[in-house]
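What follows is a short report on a single structure.
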Amino acid sequence: MPANQFICVDGRRVAISDCLKACPMKERCMFLPTLRAVAQSLERGLKEATVTELLAGTRETYLKKTVNYAVRPQDVLYALHGSSFHNINDQHTEGDILSEIRLHDAVTSGKFDLYGKILSEDDGVLGDLKVTSSYKLMKALGIYKLDMPTGEVYKTGLRKGQEKTKKEFRYDGVKHVLDWAIQLNAYRRLLEKEGFGVKRMVIQALCRDSGLRITAERGIDKSLYLIPIYRISDRWLQRYFEKKSKALKESLSSHELPPVCKSRERWGDRKCLRYCAVAESCPHGQALLAEDTKTAG
Ligand code: SF4
Ligand code: SF4
């Protein structure tokens, strides 16, 4: 089932169709055409589970397909920013470049962003466009901070005699790109099945909070990064998507709620608390939200 309500800035819920007819507030929270675009982006109309749906927790995808839910239009705008970014690219793909084609196999379907000579005269580059946070970028680029001795010591206070340190950036940490890697490799497989060879996979990530102090403190000093994505074995991908697809299909036909999403899929509960649109229909999300309200109160 689709998202059928908007959550307004004051927390009230309004049916999306009512919001588009008239806003009960003195003034709309964003331009009407933007709201219409937000509403339209929520209508998927696809029967089979997509690569992105299978990448999410099975419980989250199951709930999104079986219950009505409410979304904050502002949150959906981030996704829309992503698609307008896609559209800008889509209008300039003349030459040996393909874009935004939905490909299918027996298990899933996926729409890749760009394919072809997108970085040089080298053919066969699969590109994906992301608009993302500096936090996610810091993790994806393997940036972390290390306390380095300065050679000086504290002369007074509680830390008297202890060595002074300063934070320095390091860029050789673990690159947390597994979700992106699975997604791009899934598109790679779909392309290869259609006879298009893929030599490289690259993400072009635009930082959505670029220019802020917190962004610089995370070691992100550019607004755009090109991030190479490693190849994942086809056998692993096949098993991963078949397993997720089977679990989703079984739950949908038995009407049984799938097990709680894995810790990685629910970002160690951060997603449940703030970013999961169906948290109110999920027992795990409900418990976390109730606990959070109790703590805040
Ligand atoms: S315009 Fe914004 S504030 Fe008004 S009903 Fe729609 S979502 Fe709510
Ligand atoms: S609230 Fe958490 S566990 Fe429940 S569906 Fe959402 S992400 Fe999954």
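For ligands, and for the atoms within them, numbers begin at 1 and follow the listed sequence.
- Nearest protein heavy-atom contact of atom 8 (Fe) of ligand 1 is C8 SG, 2.3 Å.
- At the top of the distance list for atom 4 (Fe) of ligand 1, counting protein heavy atoms only, stands C23 SG, 2.4 Å.
- Although no hydrogens or angles enter the test, the distance criterion places no donor-acceptor pair under 3.5 Å between the side chain of N4 and the main chain of V67.
- Atoms of ligand 1 found under 4.0 Å from any heavy atom of L35 (numbered from 1 in listed order, with element): 1 (S).
- Heavy-atom neighbours of R208 CZ from other residues, nucleotides or ligands within 6.0 Å: above the threshold of 12.
- Metal site remark for atom 6 (Fe) of ligand 1: C19 contributes an N, O or S atom at a distance under 2.8 Å.
- Short contacts between ligand 1 and R28, defined as distances under 4.0 Å to a heavy atom of the residue, involve ligand atoms 1 (S).
- Judged by distance alone, the side chain of K65 and the main-chain N or O of A49 form no donor-acceptor pair under 3.5 Å.
- The local environment of NZ in K193 is crowded, with over 12 non-hydrogen atoms from other residues, nucleotides or ligands closer than 6.0 Å.
- Taking CG from L103 and CZ from F112, the interatomic distance works out to 5.5 Å, rounded to the nearest 0.5 Å.
- Taking every heavy atom of P24 and a limit of under 4.0 angstrom, the matching atoms of ligand 1 come to 5 (S).
- Checking side-chain atoms of E100 against main-chain N and O of D113 turns up no donor-acceptor pair under 3.5 Å.
- Between the S134 side chain and the D209 main chain, no donor and acceptor come within less than 3.5 Å of each other.
- Within a radius of less than 2.8 Å around atom 4 (Fe) of ligand 2, the protein N, O or S atoms are C282 SG.
- Residues Y144 and D172 have side chains that bring a donor and an acceptor to within less than 3.5 angstrom of each other.
- At the top of the distance list for atom 2 (Fe) of ligand 1, counting protein heavy atoms only, stands C29 SG, 2.3 Å.
- Put simply, the side chain of R218 never gets that close to the backbone of K136: no donor and acceptor are under 3.5 Å apart.
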